[in-house]
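Below is one structure, written out as C-alpha cells; comments come after it.
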Amino acid sequence: MINITLPDGSIRHYEAPVTGLDIARSISEGLARNVLAAKVNGVVWDATRVISSDASVKLLTWDDEEGKATMWHSSAHLMAEAVEALYPGAKFGIGPDIENGFYYDIDLGDRVISSDDFEKIEQKMLDLAREKHPYYRREIPKADAISHFATKGDEYKLELLEELQDGEITFYESGHFTDLCRGPHLPDTSPIKAVKILSVAGAYWRGDEKRKMLTRLYGITFPKQKELTDYLTLLEEAKKRDHRKLGRELDLFIFSQQVGQGLPLWLPKGAQLRERLEQFLKKLQRQAGYLPVITPHIGNVDLYKTSGHFAKYGADSFRPILTPQEGEAFMLKPMNCPHHCEIYRSRYHSYKDLPLRYAEFGTVYRYEQSGELHGLTRVRGFTQDDAHIFCTPDQVKDEFKNVMDIILYIFKALKFQDFETQISLRDKNDHEKYIGSDENWDKAERAIIEAVEEKGLKSVIAHGEAAFYGPKLDFMVRDAIGRKWQLGTIQVDYNLPERFELEYIGSDNLQHRPVMIHRAPFGSMERFVAVLIEHCAGNFPLWLTPEQVIILPISEKYHEYAEKVLKLLNNSEIRAQIDYRSEKAGRKIRDAELRKIPFMLVVGEKEAESGTVSVRKHGEGDLGAMTPEKFAGVVSDEIAVLLDV
RNA sequence: GCCGUUGUAGCUCAGGGGUAGAGCACUUCCUUGGUAAGGAAGAGGUCAUGAGUUCAAUUCUCAUCAACGGCUCCA
C-alpha cells in the first residue's frame, strides 16, 4: 500500500507502486492528458517514473513553471533529434530549458545553420513530435556511457561524463536520439504541438572564450498553436518598445559612425529629458546632504595605478593620451572615484566632518568590446550619477540605507515596480580576482546583507559577482524583451581608502581610515534613459517628457489666439509648442499622438471666442473645453500626483 | 574580441551583371479645415567602404567598417 499526498492535502491510496501518470489517470483522463511531469517530495520527476513508497506528489502541467520547463527541456532533445537527422554527425554540447524556451549547443563541423534553415528544422521537429515517441529514462554505468559517446565520437558529452560519478548517470532516449541527461522529461513528444526556432548564435563551449565556439540554436514550443502565435505577437510588441527604435522616432538620440561606435549623441529632446532626470536627482541629493564636485575627463595614469584600476583594466582600456613635450600619460576617466579620493585627501578631516558625500554627474569612457555595444544600455562613453560617501565604519550601514531610500524613491516615482536586487559577493576561493583583506571583505559583505534585511528588500545573493574592490548591491530592471540590466548600484569599498591612504582624526585624536561607499541610483544616464524608454514605451511621465503640450490651431486664423495660450502656459512653466502647419486638425492630432505628446490643445473659433482650449489627452481622447488657466492647473496637479510617492 | 545575419533616399523597405524604385518624412504651391493621414508638383542615393572577377559590378568574390542576435567581458 502506497499513500500519495496531493497538494490539497488529500491522501490517495494505491495497492502497488505508481507513476505520476497513473495518479493523474486515477483522478481524471483530462488531467492525465495534460500532465507533463510530477513533483515528488519536492523534486521534479518524469511523470512515468515509478514511485514506490509514500510521497507527496504534485502533478505538473503547462500551467506550472516546472511543467513548462520540462516540456522545453524535452523540446531541446526533440530539436537535437531533428538536427541530428538533418545534419548527420552533429555533436551536442548542452541543451537546457531557459526562461522562454530552450537552446542546444551543437558542433556542426564545417556546416552552418542560418535562419533560412529554421523552417525545415521546425517541420522535422513537428513530424517527430507527431510520432509520439516516449522519453525513456535509463540508469547507466559510467563505463557504458563513455563507450556510447566514444563510439559516437562526441567529445563534448565525454567531457561532461568526466565530471559525473558512476551510479548517477542517466540516459534519456526518445525516437532515434539518446542523450546524457539528468531529466526529467515528458512522458512522450505528443504535447509539443507548436514549434519555433527563434535564433541561432555562437556560444563558447562551457562559456569559455578560449574554447571552441559551438552553434547555439534557440527555440520555443507550445502545446497549442495559438499560444505560439500569441508569444510571437508579444515579441513583436516588445520590439516596438525598443529604446533604439523609439530613440530615433522620438528624436532623443542617435549614433554616428563618424563620431564612433558606442558614443551616443543626445538630441535636444533627449538632452532635455536627461537634464530633467539629473535635476530631479540633484534635488534629492541636496536634501540628503550631498555636496557637488566636478572633476576632469582625464587623469594621470599614476592616479589609476594608485587606485588599482590600471593594473586591473589598463590593458583593456582606451590607450593613454600622451603630452607632446613632457611625455606624461593620461587616461580617459574610466571611474570618478580616484578623483574624488584626491578631493578627500586634499585636506585633513575630523570625524565630525563625516559622512562626507561628494556627488558628480561624471562622464566616463570605457573600452567595451565592439560586440558588446548595445544602444544606450552598453556604450563607451557615459555619464554616471556618481557619488562617493566617505564615512566611519559605524556609519556604513546607515549611509547604505539612506542610499537605498533614494534609489527606492526614484524607482517608485518612475513606476519601476518589478525590479530585482542582487547582492554581489566575492568568490571566496578566488583570491586573484579581488584586492583587499578577507577581514574587510567580510565586514563589507555583512553590512550590505544587514542593510538589505533591515529594509525588508527581497534579493538574490550572487557569489563571485562582486567588483574587484568590494561587494555591492545592484538594482536590476528588465528591458522590453526581458533582458536584465543593472541600474542603481551601491558598493562598499574598504580598499580605495587604503590605497589612497585616506584618513580622518577620530574623537580619540588618532588617525583612522574612512570607508567609502560608491553609489549611482540611475547607474548611468544612458542606460537609465534606455530602460525608462522601454518601461514606459516612450510615454514619459508628464514631469519628464520634453514636450508636455502641443497647441493645434484649427486654421491660420487662430494662430494669434494660440500664441496667447502658449504665453500663458509658458508663464506657468509648462512646456508647450504650437503646430503652425497648414494641415487639418485630424492630421495635427495624429502626428501629436504619434509623437506621444501628453496633451493636445485644439483651438479654433469656439475657443477663441470663449477664451478656452479644447483638451485632448494622449491615448485617451477629448477631455472637453476649459480655460487655459484651469488646464495649467490640471497639468500641475497631475505632476504633483506623479511625484508624490 | 568570437560565431551568425544584415548594410539600397532622413525613416521603413522592394529590386537586381547593362550606371536605381515605393511609401512616409522634406521643399514649393493649392487648400483654412473641428479630434488619428486634404491635393499637386519637386528635390533627394558613388546602392556602407576598398580591392578583385567582367566589355560592364549597386548586384558576383574577398577584405574592411558598422548595425542586429547571441557568447565571453563589464571598474
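Letters A, B, ... are given to chains in the order of the sequence lines, protein chains preceding strands, and every chain is numbered from 1. Just the heavy atoms: all of them, side chains too, but no hydrogens, waters or symmetry mates, feed the values below.
- If you check the side chains of A:Glu605 and A:Tyr561, you find no donor sitting under 3.5 Å from an acceptor.
- In the interface, the side chain of A:Arg216 is not paired with the base of B:rC3 through any donor and acceptor atom under 3.5 Å apart.
- Atom CZ of A:Arg248 and atom P of B:rC24 are 19 Å apart (whole Å).
- Within the 4.0 Å cut-off from OP1 or OP2 of B:rC68, at least one side-chain nitrogen or oxygen of A:Arg244 is found.
- Listed candidates were B:rU5, B:rC74, B:rG38. Nearest to the side chain of A:Ser114 is B:rU5.
- Heavy atoms of A:Gln257 sit under 4.0 angstrom from primed sugar atoms or phosphate atoms, though from no base atom.
- The shortest distance between the side-chain N/O atoms of A:Arg616 and the OP1/OP2 oxygens of B:rG34 is not below 4.0 Å.
- When rounded to the nearest whole Å, the span between CD of A:Glu249 and P of B:rC11 equals 12 Å.
- A:Asp116 places its CG atom 9 Å from the C1' atom of B:rU5, with the value rounded to the nearest Å.
- For A:Tyr367 and B:rG1, a side-chain-to-base donor-acceptor distance below 3.5 Å is absent, hydrogens and geometry of angles not being considered.
- Applying the 5.5 angstrom centroid cut-off and the 30 degree plane-angle cut-off, the aromatic ring of A:Tyr313 is stacked upon the base of B:rA75.
- Residue contacts for A:His518: at a heavy-atom cut-off of 4.0 Å it reaches no nucleic acid atom on any strand shown.
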